Amino acid sequence: MRFARLGPAGSERPVAVAEDGTYLDLSGITDDIDGTFLASGGPARAWAALDSLPRLDVPAGMRVGPPVARIGKVVCIGLNYARHAAETGAQPPPSPSSS
């Protein structure tokens, strides 16, 4: 299962996308997929309800918004992973970098 938000910007509907590509309505579990949902066990609640969530018929061309609303910041890590370091020919740092 993965999460998505469908519809016009600012009024997206939270959905789960099942492994078979079926869209399932999460609006009975949460108003939105956001930090509160993620931090309060929302993914586990969605997983537990997966078989009972209403299916959605999603029209072709419907806007797919960012999967998580109101992101405060994005943290990226590059050379902290050995594979990425090997790809770039660099040595991995001895500890995660903070910049």
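Please read all numbers here as calculations on a predicted model, not as lab measurements.
The two residues Ala4 and Ile33 have their closest heavy-atom pair at O-CD1, 3.4 Å.
With hydrogens and angles ignored, the 3.5 Å screen pairs no side-chain donor or acceptor of Thr22 with any backbone N or O of Ala18. Distance alone, capped at 3.5 Å, places no donor-acceptor pair between the Arg5 side chain and the Pro14 backbone.
Among pairs with a residue in residues 17-27, those fulfilling salt bridge (Lys or Arg N to Asp or Glu O under 4.0 Å) read Arg13-Asp25, at least two apart in sequence or across chains. Among pairs with a residue in residues 33-62, those fulfilling salt bridge (Lys or Arg N to Asp or Glu O under 4.0 Å) read Asp34-Arg70, at least two apart in sequence or across chains. Residue pairs meeting the ring pair (Phe, Tyr, Trp, His ring centres under 6.0 Å) criterion with at least one member in residues 33-65, sequence neighbours excluded: Phe3-Phe37.
Take Tyr23 and apply the ring-ring contact (aromatic ring centres under 6.0 Å, His included) test, not counting sequence neighbours, and it matches no residue. For Ala48, there are no side chain to side chain contact (heavy atoms under 4.5 Å, CB included) partners at least two apart in sequence or on another chain. Remark: Arg63 engages Glu12 in a side-chain hydrogen bond (donor to acceptor under 3.5 Å, both in side chains) (not counting sequence neighbours).
Here Leu53 contributes atom CG and Ser27 contributes atom OG; the two are 9.0 Å apart, rounded to the nearest 0.5 Å.
The side-chain heavy atoms of Leu6 and Val58, taken from C-beta on, include a pair separated by under 4.5 Å. With contacts defined as side-chain heavy-atom distances shorter than 4.5 Å, the pair Leu24/Leu50 qualifies.
If you chain together hydrophobic residues whose side chains sit under 4.5 Å apart, Leu56 and Val64 fall into the same group.
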